[in-house]
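So the structure is just underneath, and the comments pick up after that.
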Amino acid sequence: MHNIKINAVRLSLTDTLYSGQSFMWNYLYDNRNISAGILCDTPVLISTESTEEIEIICASSWMGEMPPEEFFPDYFSFDVDVRNAFPEKFTFRYPCVWEQLQKYFSLRILRQDPFEAMITFMCAQGIGMRIIRNQVSLLARTYGKRYDIMYRDRPLTLYGFPSPVLLAGCDPLELSICTNNNRTRARNIILASRAVAEGNVDFNALRDDNIPLEEVRRRLCELNGIGLKIADCIALFGLGRFDAFPVDTHVRQYLAEWFGSTAALRPLTPSTYLTLDAEARTIFNPALAGYAGHLLFHCWRKEVKKLRWF
DNA sequence: CCCCAGGCTTTTC
DNA sequence: GAAAAGCATGGG
């Protein structure tokens, strides 16, 4: 048993909380009312027993500096009003989309640990959500720090997300057990972890909002296995760059179907990607384009594609 | 055996 | 330069 301080905070919500970053909540533990995830290499429990309140229990030391009441609102980006992501004309130009979107306004994008965001999205190339979450879960269980805590008089085991140094020292063949048996992906993750561990990729520097998004992309795309889409995901979920608009297969689909984009009918080459990126900034408020896109992403997957897996 | 999944890299025109 | 093909793996 580790000796861990438990910090708890209750936050009020207007509706059910959806995950801002799809891998967050369920990859360690899940039943009806309790989900567990990783927060800055620390396990976090989320309890949603009512639709108005969630309880967060964080077994962490890093929060010693910052009271949970201050940290979590920032983590859940409660400072962002998602409706500002949509210009006024959106409501009458796309009334059907607007109507379907209503129940997704409680969805939050998390200001997540950038390294975790980087690795989890590197696990997300051309495979389904279910497999992606299995990979992240395996990474945590195999290489993450173990925490044994008591929750409501019940023992509960959680695993933190492994550090850059730890993943940097992994053997590719061994790590590939956690990457869907894909050795190329395992090798890329090791190299990227090394780049972070050695400071060649400095997330603290990239956090600076004065750095243009193009520059952030350029730096991240220098790494093997990271292209425009994953770079944008790291920016959006890991660097709090809510203007970053990742375009994946689902986003491409709804841009064509809902917004009549002809470019979205073409294969998603880098050229097409940048065209769609520019188009999105004319549909949404550019400063929050990625935030808007993420709501639509979940809305499309669930309402239209009828997908169960987040 | 087909197609799809929160793409990226290399080759070819 | 940009489009096309190649790559890698499990699930439906």
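The shown structure was predicted, so the numbers you read here are calculated from the model rather than taken from an experiment. Here is the naming used below: chain letters follow the sequence lines, and residue numbers restart at 1 for every chain.
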Would you please name every residue forming a side-chain hydrogen bond (donor to acceptor under 3.5 Å, both in side chains) with A:T275, sequence neighbours left out?
none
What residues, two or more places apart in sequence or in another chain, satisfy side-chain hydrogen bond (donor to acceptor under 3.5 Å, both in side chains) together with A:D79?
A:R111
Taking the [atom1] atom of each, how far is [N] from [M], in whole Å?
| N | M | atom1 | result |
| --- | --- | --- | --- |
| C:dG6 | B:dC2 | P | 15 Å |
| C:dG11 | B:dC8 | P | 22 Å |
| C:dC7 | B:dC4 | C1' | 16 Å |
| B:dC1 | C:dG10 | C1' | 15 Å |
| C:dA5 | B:dC3 | P | 14 Å |

May I have the list of side-chain donor-acceptor pairs in residues 264-271 of chain A shorter than 3.5 Å, sequence neighbours left out?
from, atom 1, to, atom 2, distance (Å)
A:T269, OG1, A:T272, N, 3.2
A:T269, OG1, A:T272, OG1, 3.0

Protein-to-nucleotide contact annotation, 5' to 3' order, nucleotides 7-13 of chain B [B base; S sugar-phosphate only; - none; under 4.0 Å, heavy atom]:
SSS----
Once you round it to whole Å, what is the distance between [atom2] of [N] and [atom1] of [X]?
| X | N | atom1 | atom2 | answer |
| --- | --- | --- | --- | --- |
| A:L307 | B:dC4 | CG | C1' | 11 Å |
| A:N134 | C:dG10 | CG | P | 12 Å |
| A:L175 | C:dT9 | CG | P | 14 Å |
| A:I177 | C:dG10 | CD1 | C1' | 16 Å |
| A:I109 | B:dG6 | CD1 | C1' | 13 Å |
| A:Y254 | B:dA5 | OH | C1' | 17 Å |
| A:I132 | C:dT9 | CD1 | P | 16 Å |
| A:M122 | C:dC7 | CE | C1' | 16 Å |

Pairwise side-chain hydrogen bond (donor to acceptor under 3.5 Å, both in side chains) hits with a residue in [range], at least two apart:
| range | answer |
| --- | --- |
| residues 86-100 of chain A | none |
| residues 224-245 of chain A | A:R217-A:D232, A:D232-A:Y273, A:R241-A:D243 |
| residues 185-194 of chain A | A:Q135-A:R185 |

Would you indicate which nucleotide in C:dG12, B:dG6, B:dA5 comes nearest to any side-chain atom of A:R130?
C:dG12
For A:Y143, the ring-ring contact (aromatic ring centres under 6.0 Å, His included) test, sequence neighbours excluded, returns none
Partners passing ring-ring contact (aromatic ring centres under 6.0 Å, His included) against A:F115 (at least two apart in sequence or in another chain)
none
Stretch residues 178-186 of chain A: residues that reach within less than 4.0 Å of DNA chain B through a heavy atom
none
Where the side chain of A:S77 meets the backbone of A:I109, is there a donor-acceptor pair that is under 3.5 Å apart?
yes
Extract from the structure each pairing of a protein N or O with an N or O of nucleotides 2-6 of chain C at less than 3.5 Å, listing the distance.
none

For A:E215, the side-chain contact (heavy atoms from CB on, under 4.5 Å) test, sequence neighbours excluded, returns A:I211, A:P212, A:R218, A:R219
To the nearest 0.5 Å, atom SG of A:C178 lies from atom CG of A:L139 at 5.0 Å
Base, sugar-phosphate, or nothing: which does A:Q135 touch, judged by heavy atoms less than 4.0 Å apart?
nothing
Go through it in stages, so that I can follow the logic: the residues are A:D208 and A:N210, the test is side chain to side chain donor-acceptor pair (under 3.5 Å), and I'd like the CA-CA distance, side-chain angles, deciding distance and then a yes or no.
CA-CA 5 Å; A:D208 186 352; A:N210 294 318; 3.2 Å; yes
